[in-house]
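Numbered from 1 within each chain, the chains take letters A, B, ... in sequence-line order.
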There are 2 protein chains.
Amino acid sequence: MKKENTSQGVKEIARRANVSTATVDRVLHNRTGVSEKTKKRINEIIKELDYQPNLLASRLASKKIISIAIVIPSVSEETDFWEAPLRGVKRAEAEIKQYGVSTQVFFFDLNDKDSFSGKIAEVLRGDFQGVLISPSYIEETTKFAAECELRKIPFVFLDSNIPELHSLSYIGPHLFKSGYVGAKLLTYRLERDKKILIINISKEIDNFNYQKIEEGFRSYFQDRGQSGEIVRIDIRETDYQSVARHLTYVFHLNKDIGAAFVTNSRVHTVASFLKNSHRTHVSLIGFDFISENVAYLENNVIDFLICHRPEDQGYRGIMALYQTLVVNAQVSKLSYMPIDIVTKENYEFYHN
Amino acid sequence: MKKENTSQGVKEIARRANVSTATVDRVLHNRTGVSEKTKKRINEIIKELDYQPNLLASRLASKKIISIAIVIPSVSEETDFWEAPLRGVKRAEAEIKQYGVSTQVFFFDLNDKDSFSGKIAEVLRGDFQGVLISPSYIEETTKFAAECELRKIPFVFLDSNIPELHSLSYIGPHLFKSGYVGAKLLTYRLERDKKILIINISKEIDNFNYQKIEEGFRSYFQDRGQSGEIVRIDIRETDYQSVARHLTYVFHLNKDIGAAFVTNSRVHTVASFLKNSHRTHVSLIGFDFISENVAYLENNVIDFLICHRPEDQGYRGIMALYQTLVVNAQVSKLSYMPIDIVTKENYEFYHN
DNA sequence: TACCTTTACGGGCACGTGCCCGTAAATTGC
DNA sequence: GCAATTTACGGGCACGTGCCCGTAAAGGTA
């Protein structure tokens, strides 16, 4: 089978407008050097034909390379969570490399604000046409966003959002609803008079993500007028010893805790504690498909993991920038990921 | 930033081998007209350079159009399930249309074997280079697969599988495990002495999919030595009246049914019955994110829906054929979809 | 009027690959 | 040994777009 042989694209427009393809090209890229009236004539024909440029030919002919910077936490000993978004980024890159898109990844230390500042400064020194960033520190990100806006560099937020800033798009979970789902699962078979424990393990004090999750979690009970007692604890050190010490204390004060909800991926530390202290009858829920968590899922210590397709997040983040920078198409400002429920029974097919 | 200026691709190979690009081209497409020794020389250089053809240029220069046939059930009054795979197909098509790929969809009536035969005959009369098919009828599909193999037309199975046939790939759920997950969810808070009801509503007698699901469901109980009584019922008519009649009878015989598991997307019919007969205390689980089901999820009549990302299935199906026919890359023979758990709390973010 | 600058366009090559057509060289037939 | 055929290869255009360069025409200045 053969393609249609009608002359297509710029040539056809040029023919109808009685000009050369170069002139049409000038109009398409709104460069100077075209009189108003021919410009108008050409634009009308473009509209009439509903002209869509041939990306193949365009990218083939163009020598421009589009560079995208990715700013994400490095994979630490504590968590390999960011492996997944990175995979997604690489997958997207492989797909669109042929269109002249290249990426460069900047890893920062999640526990070190200065490393974050350093990396975004480095990005600004480089010559990037788009940025995909995990906005871990609000203040620094705000400055960075202002500079990007000045330079007209589109940026996409990954995994957590700062709605006030004018990002091209946010790609990540709806945190409030994630907490809500956690509450539903955690209490699905909880006995009436048992207490619920919310555990927040994090070095960062000002992290607003956990607040949103906790709000969602609590609102589930408000919505149904249930008012079982909810205990909460903040733990500022992430090592096992510290966590165990705090938890021992809490469980000592509250003998009748039936379920525990961890607001992030450090649920495996809690799982470890529950196992060591023979408290595996306590229902346990947390976030993210990381290897330590999956191990405790397998062991029946963790009941459910809530996940947000981190690989897909990375992929979609790059693709959103690609749509804007190369295809010149619109992308939606908010792209909430599904709230996936992972259990011992279905985790082997989960696409993280 | 500019692209590297080193001469690339076929030209570079030709230069090194002291031949013209035309000769290299002949080797690349193993056409005739090249002596053995030059062929060998060129092949060595190709290997040495790890030559990857530029898809952009290739597809731009080629006038060939690749046609893919899609054979799926039509959206019926009973279910709009197949809307989702169709969306995925369209999404894939939009992405790769520029590479000269076109698709044609053939809808058959899921309750009419002859319409299935008719459509596959039509596909074979057409000039297609690849087929994406939902193999609803085994015997007819077997014949079709044999003919495709003869003509060297790759075909991909969607949503259900016939492992004996040499499909390029199967894209769909792991049915056994899906049933297993259903059992876990259904009994997560089931009281000890309550009975479980398995409901199979389908006109097709020989459908092996449901058997696999039921096996998985039952094996969950075997794995944990639980032997609560399991009742099962087959209903061969899909209309509400028939289903209600059968269910009335079953519930009359078994007063203590605490949970019901429907092996396919017709769970909404059962939900309707449970609601009308004031039996919403019975836990209910079924399959697929179709609008009727979601409505009962919202109503708390259905507890969970198990889903397998039908849109993604359609997308991946087309992409598997694209990888084979255009990119000439390998695709994995089995591509199990995640077993997603959809509840009232998270359905609004589900990407079906 | 003569000269210079600016504007408004056209010509044409390049991107990397596919493929048609032409032809020198090698092979075959008698 | 000569013509006919086959083999093995090169030249070069086409795909649709980007963009450099050249130039006629229009406008400006003395």
Side-chain angles (χ1 to χ4, degrees), chain A residues 1-43 46 49 51-66 97-101 325-328, chain B residues 1-43 46 49 51-66 97-101 325-328:
Chain A
M1 214 180 285
K2 299 276 173 176
K3 284 185 187 170
E4 296 298 314
N5 213 4
T6 53
S7 99
Q8 285 248 329
V10 176
K11 253 183 216 164
E12 174 66 12
I13 298 171
R15 198 183 57 78
R16 295 202 190 195
N18 253 329
V19 293
S20 75
T21 60
T23 302
V24 176
D25 193 72
R26 274 181 271 261
V27 173
L28 283 172
H29 297 83
N30 41 291
R31 265 179 266 127
T32 58
V34 188
S35 68
E36 275 308 315
K37 64 177 181 192
T38 39
K39 191 172 181 174
K40 198 186 161 208
R41 198 171 70 234
I42 290 174
N43 270 323
I46 288 175
L49 292 181
Y51 167 72
Q52 301 290 99
N54 183 323
L55 262 190
L56 265 70
S58 168
R59 286 275 96 201
L60 180 60
S62 168
K63 283 185 185 293
K64 280 208 201 83
I65 281 207
I66 288 171
K97 198 171 60 184
Q98 44 187 339
Y99 292 103
V101 177
L325 296 168
V326 180
V327 186
N328 213 1
Chain B
M1 215 181 283
K2 298 276 173 177
K3 285 184 186 169
E4 296 297 314
N5 212 5
T6 54
S7 99
Q8 286 245 330
V10 176
K11 253 183 215 164
E12 174 65 13
I13 299 171
R15 198 182 58 76
R16 295 200 190 195
N18 253 329
V19 293
S20 75
T21 61
T23 302
V24 176
D25 192 72
R26 275 181 270 261
V27 173
L28 283 171
H29 298 83
N30 39 290
R31 267 179 263 126
T32 57
V34 188
S35 68
E36 275 308 315
K37 65 178 178 192
T38 41
K39 190 171 181 174
K40 198 187 160 206
R41 198 171 70 233
I42 290 173
N43 270 324
I46 289 175
L49 293 180
Y51 168 72
Q52 301 290 99
N54 183 322
L55 262 190
L56 265 69
S58 167
R59 287 275 95 202
L60 180 61
S62 169
K63 284 184 184 293
K64 279 208 202 83
I65 281 206
I66 287 172
K97 198 171 61 185
Q98 44 188 339
Y99 292 103
V101 177
L325 295 168
V326 179
V327 186
N328 213 2

dist A:I65:CD1 -> A:R59:CZ (nearest 0.5 Å) comes out at 9.0 Å
Among the nucleotides D:dC19, C:dC19, D:dC15, whichever has the atom closest to the side chain of B:D25 is C:dC19
In whole angstroms, the gap separating P of C:dC13 from NZ of B:K11 amounts to 14 Å
Look at the side-chain N and O atoms of A:S58 and state whether any lies under 4.0 Å from the OP1 or OP2 oxygen of D:dG18.
yes
Counting just side-chain N and O atoms, does A:T23 come under 4.0 Å of either OP1 or OP2 of C:dG10?
yes
Measure the distance from CD1 on A:I13 to C1' on D:dG16 and round it to the nearest whole Å.
11 Å
Please check the phosphate of C:dA8 (OP1 and OP2 only) for any side-chain N or O of A:K39 closer than 4.0 Å.
no
OP1 or OP2 of D:dG18 sitting under 4.0 Å from any side-chain N/O of A:H29?
yes
I need the CG-C1' distance between A:L55 and D:dG18, as an integer number of Å.
13 Å
Any idea which heavy atoms bring B:Q98 and A:L56 closest together, and the distance?
O-CD1, 3.4 Å
What distance do A:I42 atom CD1 and A:R16 atom CZ have between them, rounded to the nearest 0.5 Å?
13.5 Å
Kindly point out which of D:dA14, D:dG10, D:dT17 is positioned nearest to the side chain of B:V19?
D:dG10
When rounded to whole Å, the CZ to P distance for the pair B:R15 and C:dG16 reads 14 Å
Which residues satisfy the side-chain hydrogen bond (donor to acceptor under 3.5 Å, both in side chains) test with A:S58, sequence neighbours excluded?
none
Rounded to whole angstroms, how far apart are CD1 on B:I65 and P on C:dG18?
17 Å
To the nearest 0.5 Å, what is the distance between OG1 on B:T23 and CG on B:N18?
11.0 Å
Quick one: pull up NZ in B:K39 and CG in B:N30 and give me the separation to the nearest 0.5 Å.
6.0 Å
How many whole angstroms separate atom NZ of B:K64 from atom P of D:dC15?
17 Å
Which of residues 31-38 of chain B sit near DNA chain D, with a heavy atom under 4.0 Å from it?
B:G33, B:V34, B:S35, B:T38
State which of D:dC9, C:dT17, D:dG16 makes the closest approach to the side chain of B:R26.
D:dC9
If you look at every strand shown and take non-hydrogen atoms under 4.0 Å, does A:N54 touch a base, only sugar-phosphate, or nothing?
sugar-phosphate
CD1-CG distance between B:I13 and B:N43, expressed to the nearest 0.5 angstrom
9.5 Å
Tell me whether B:E36 is salt-bridged to B:K40, with the criterion being a basic N under 4.0 Å from an acidic carboxylate O.
no
Are OP1 or OP2 of D:dG10 and a side-chain N or O of B:S20 less than 4.0 angstrom apart?
yes
Here the distance between atom P of C:dG18 and atom CG of B:L56, to the nearest Å, is 12 Å
Tell me whether the side-chain N/O atoms of A:Y51 come closer than 4.0 Å to OP1 or OP2 in D:dG16.
no
Just compare D:dG12, C:dG18, C:dG16 and give me whichever is closest to any side-chain atom of B:A57.
C:dG16
Does B:Y99 put a side-chain nitrogen or oxygen below 4.0 Å from OP1 or OP2 of C:dT17?
no
Measure CG/B:L28 against P/C:dG16 and give the value in whole Å, please.
15 Å
